[in-house]
Amino acid sequence: DAMLTLFKLSLALVNSGNCDEARPLIEDGLTMIDDTVRDTDMQLQKLGYNLGDNVPKSDTAAFSIANDKEQMMSAKSYLLVSKSRCAFDVSSLGQLAYDAVMAKPDHDYALTHAKDVDGIITQLREKGLDPKDVKVIWTTSADGQTAEFGVGVMES
C-alpha cells in the first residue's frame, strides 16, 4: 500500500531529524488522503448516506467504503503528528497536534502526542514564554540514525 510506505518513510525521516526531506512527503500524503476521503464521501452520498452517518455492517458496500475512510483518517492523523514534529515553532507544533486529534479523535498516537505538546506549551507559558517565539530543535545522535526532539527560545 502506497500510503503505508509513504507513512513509514516520512516517520523514519522525522525520527532521524530529517524534516526537510520529510515535509514534502508528508504534504503529498495529506493531499492523497484528502482526495481519497473526498472520493469516499461522494461514494457514500451516492449510496444514500450523509456525512457523519453510521453505516450499518449489513450494507457491505457502504460499510467497506466507510471503513476505508476511517483508515485514511488514521493515516492522516499519523501524518499530521509527523508534520507537527517537523514544525518550526512550538505554536505550529501545538496547532498541528490539535489537527491530528481532530482528524481522528480516538487515535491514541495523536492523543499522546497532543498531551505531550500541551505539557510543553504549559511549561513555556508558566515561564512567561510565547510558544510562537520558541523553535523546535532536533539534535542528531552521533551515529546519525536517530534524533532527539527539543525546543529553544528564538533569538530576537
Side-chain angles (χ1 to χ4, degrees), residues 1-45 47 49-55 57 60-125 131-132 134-141 143-152:
D1 177 53
M3 182 54 59
L4 185 59
T5 301
L6 183 70
F7 167 71
K8 287 180 177 179
L9 180 57
S10 66
L11 186 61
L13 288 169
V14 171
N15 286 341
S16 63
N18 292 311
C19 284
D20 289 340
E21 294 176 50
R23 283 185 194 100
L25 294 174
I26 293 167
E27 290 304 323
D28 288 348
L30 291 171
T31 299
M32 281 194 318
I33 289 168
D34 288 341
D35 291 347
T36 302
V37 167
R38 189 173 34 259
D39 291 346
T40 59
D41 286 342
M42 288 189 322
Q43 289 174 329
L44 287 169
Q45 286 175 337
L47 293 171
Y49 293 96
N50 294 313
L51 295 179
D53 284 354
N54 285 326
V55 178
K57 286 184 180 180
T60 54
F63 187 77
S64 176
I65 293 167
N67 192 49
D68 288 347
K69 179 181 176 179
E70 284 297 308
Q71 290 176 348
M72 285 292 110
M73 295 310 291
S74 289
K76 182 174 184 171
S77 183
Y78 273 117
L79 286 174
L80 285 167
V81 169
S82 292
K83 186 175 180 178
S84 171
R85 295 178 67 206
C86 282
F88 292 104
D89 61 70
V90 175
S91 179
S92 299
L93 174 84
Q95 181 60 54
L96 290 163
Y98 173 81
D99 293 347
V101 172
M102 291 297 96
K104 187 84 168 114
D106 61 346
H107 199 259
D108 289 341
Y109 183 70
L111 290 167
T112 299
H113 175 68
K115 183 179 176 188
D116 293 345
V117 170
D118 185 59
I120 291 168
I121 291 172
T122 298
Q123 288 177 351
L124 293 173
R125 287 191 173 137
K132 290 182 291 201
V134 180
K135 65 182 178 175
V136 174
I137 301 169
W138 284 92
T139 307
T140 307
S141 64
D143 65 6
Q145 297 297 310
T146 59
E148 290 293 318
F149 167 85
V151 296

Taking the side chain from Ser77 and the backbone from Met73, do they hold a donor-acceptor pair closer than 3.5 Å? no
Exam field: side chain Ser64 to backbone Thr60, donor-acceptor pair closer than 3.5 Å: no
Would you please test Asn15 and Arg85 for side-chain contact (heavy atoms from CB on, under 4.5 Å) and show each step? CA-CA 9 Å; Asn15 286 341; Arg85 295 178 67 206; 2.8 Å; yes
Quick one: are Met42 and Ile65 in side-chain contact, heavy atoms under 4.5 Å? no
Between the CG atom in Asp116 and the CG atom in Leu111, the distance rounded to the nearest 0.5 Å is 11.0 Å
Pair Asp99, Gln95: side-chain N/O donor-acceptor within cut-off below 3.5 Å: yes
Rounded to the nearest 0.5 Å, what separation is found between the CE atom of Met72 and the CG atom of Asp35? 11.5 Å
On the 0 to 90° scale, with breaks at 30° and 60°, tag the His107-Tyr78 ring pair as parallel, tilted or perpendicular. perpendicular
Start with the C-alpha distance between Asp41 and Arg38, add both sets of side-chain angles, then the distance that settles salt bridge (Lys or Arg N to Asp or Glu O under 4.0 Å), and finish with yes or no. CA-CA 5 Å; Asp41 286 342; Arg38 189 173 34 259; over 6 Å; no
Under 4.0 Å between a Lys/Arg side-chain N and an Asp/Glu carboxylate O for Asp118 and Lys115? no
CG/Leu44 to NZ/Lys69 distance, rounded to the nearest 0.5 angstrom? 7.0 Å
Donor-acceptor pair, distance only, cut-off 3.5 Å: does the side chain of Asn50 make one with the backbone of Asp53? no
Looking at Tyr98, I'd like to know if its OH atom is crowded, meaning that more than 12 non-hydrogen atoms belonging to other residues, nucleotides or ligands lie closer than 6.0 Å. no
Report yes or no: does Ser16 contribute a side-chain atom to a donor-acceptor pair with the main-chain N or O of Leu13 at less than 3.5 Å? yes
